[in-house]
Amino acid sequence: MTVRIGVIGTGMIGQDHIRRLTHVVTGTRVTAVFDIDSARAEEVAASVGARALPSGAEVIGAADVDAVVVTSWGPTHAEHVLGAIAAGKPVFCEKPLATTAEDCLRIIEAETAHGTRLVQVGFMRRYDSGYREMRKVIESGGIGEPLMVHCAHRNATAPASYTSAMAAQDTAVHEIDVLRWLLDDEIRSVQVLRPRPTRKRHEHLQDPQIMLMETAEGVRIDLEVFVNCQYGYDIQCETVGEEGLVRLPDPAAVAVRGRGRDSTAVLQDWKGRFENAFDTEFREWAGSVASGTEPTGPSAWDGYAATVITDALVESMESGATVGIEALEKRPAFYGGAER
Ligand code: NAD
Ligand code: ISE
């Protein structure tokens with residue numbers, strides 16, 4: 001069976017996912033797209049033999065759309081995800097699930113009322129082979145109980161439109177999701193430190209930032225977010241346990257010797273770094289749609305948790321205070337928690 005997919009948002013990552021669904025994943029076909037930039041939507045649709053429709057609602061409602069991918073601008077995600085749930089169609093939504101915790105809760109309510117999971121959020125790091133290996137080691141007790149995690153998330157440069165809040169909402173959000181999953185633990189408090197700012201930033205931006213977090217089990221996490229580090233895209237993660245440590249591998253790169261140096265290249269952006277993770281994420285999601293089973297990837301609850309934690313990080317970045325997080329204590333049974 002071919003899964004027919006409607007895509008809402010044909011910008012940078014929308015086009016990349018359309019390419020993936022057309023040329024990389026087997027058994028999927030993009031049949032309809034929408035973007036408020038209609039010229040872009042028409043051009044992208046024509047390139048894959050799909051139709052450009054006049055609204056997101058029409059993509060969701062189309063008879064030749066079995067499942068929906070939302071890759072539009074973050075503040076529009078909630079509307080399209082709620083539309084897909086109302087239509088009873090599986091929906092893959094790029095991060096963030098929604099830009100406010102209230103909108104995430106509306107999605108959770110709608111999905112719970114529907115009765116089965118329809119929503120998957122695009123936290124692709126859970127599909128990266130390095131993180132998957134790390135999780136296996138931790139789960140199997142290979143380093144004893146985890147005690148501390150040291151992380152860094154560095155981008156070469158950030159545009160003028162990138163704000164200090166986006167360091168949490170757009171960038172650290174990936175660590176927040178992957179660490180909750182890696183440790184199978186919940187983040188209970190956060191604090192943001194503001195080191196000396198780099199002169200390479202746009203004036204309005206606090207960069208770098210150090211994000212300190214503590215989990216319910218008492219694991220201490222330190223995360224450096226540095227989005228103008230100049231030298232490339234660099235993701236580091238090391239979990240230290242009672243009996244050892246496990247470290248995320250750097251992507252494979254050939255060693256070059258020449259001009260008196262022994263060197264390896266550093267990747268320049270997230271697309272190359274997580275390409276395999278994106279491919280696996282879509283293969284597994286499309287597989288669940290094709291078999292009519294619930295998605296197994298990040299849920300609407302995970303999307304809500306990420307938004308609650310990034311809100312707390314932004315509050316702390318502005319005030320300097322430690323911010324406690326209580327909203328996540330009662331995970332509904334629908335999402336694998338103890339109580340409803
Ligand atoms: P982009 O600006 O390139 O594209 C966004 C598109 O959404 C634009 O074409 C815009 O016209 C369209 N749009 C805006 N409002 C719309 C609406 N109401 N309905 C339909 N389309 C609308 O941005 P992008 O980089 O492609 O990011 C899109 C989303 O993907 C964001 O939520 C972003 O956080 C996420 N993203 C995720 C990753 C990742 O690593 N998983 C990486 C980059 C972006
Ligand atoms: C971007 O939106 C992403 O999701 C990337 O993975 C991240 O590294 C970058 O900082 C974000 O701006």
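Start at 1 and go down the list; that is how both ligands and their atoms are numbered. Positions are given from 1 along the sequence.
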Between [options], which one has a non-hydrogen atom sitting closest to [atom]?
atom                    : options                        : result
atom 11 (O) of ligand 1 : Asp35, Asp37, Asp269           : Asp35
atom 9 (C) of ligand 2  : Val225, Asp269, Val227, Asn155 : Asn155
atom 17 (C) of ligand 1 : Ile13, Thr76, Ile8             : Thr76
atom 29 (C) of ligand 1 : Pro75, Gly74, Ser72            : Ser72

Any idea which atoms of ligand 1 are less than 4.0 Å away from a heavy-atom of Gly122?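 Near Gly122, meaning under 4.0 Å from one of its heavy atoms, ligand 1 has 41 (N).
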At a 4.0 Å threshold, what atoms of ligand 1 neighbour a non-hydrogen atom of Asp170?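 Numbered from 1, ligand 1 contributes 34 (O).
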Flag the pair Asp177 and Arg125 as a salt bridge only when some basic side-chain nitrogen lies within less than 4.0 angstrom of an acidic carboxylate oxygen.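 So Asp177 does not pair with Arg125 through a salt bridge.
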Going by an N to O cut-off under 4.0 Å, is there a salt bridge joining Glu281 and Lys95?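 Answer for the salt bridge query: no.
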Contact partition for Tyr233 relative to ligand 2, non-hydrogen atoms under 4.0 Å: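 The answer is the side chain of Tyr233.
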Answer side chain, backbone, both or neither: which part of Phe123 comes under 4.0 Å from ligand 1, heavy atoms only.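 Neither; nothing of Phe123 gets under 4.0 Å from ligand 1.
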Any luck finding a side-chain donor-acceptor pair between Arg273 and Tyr233 under 3.5 Å?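 On atom types as modelled, these side chains do not qualify, holding no pair under 3.5 Å.
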May I ask you to identify the nearest protein heavy atom to atom 37 (C) of ligand 1, giving residue, atom name and distance to one decimal place in Å?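 Looking only at protein heavy atoms, the one closest to atom 37 (C) of ligand 1 is Glu94 OE1, 3.2 Å.
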Measure the distance from atom 32 (O) of ligand 1 to every protein heavy atom, then report the residue, atom name and distance (to 0.1 Å) of the closest one.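 Result: Lys95 O, 2.9 Å.
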Do any N/O atoms on Asp170 end up under 3.5 angstrom from N/O atoms on ligand 2?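 There is such a contact, yes.
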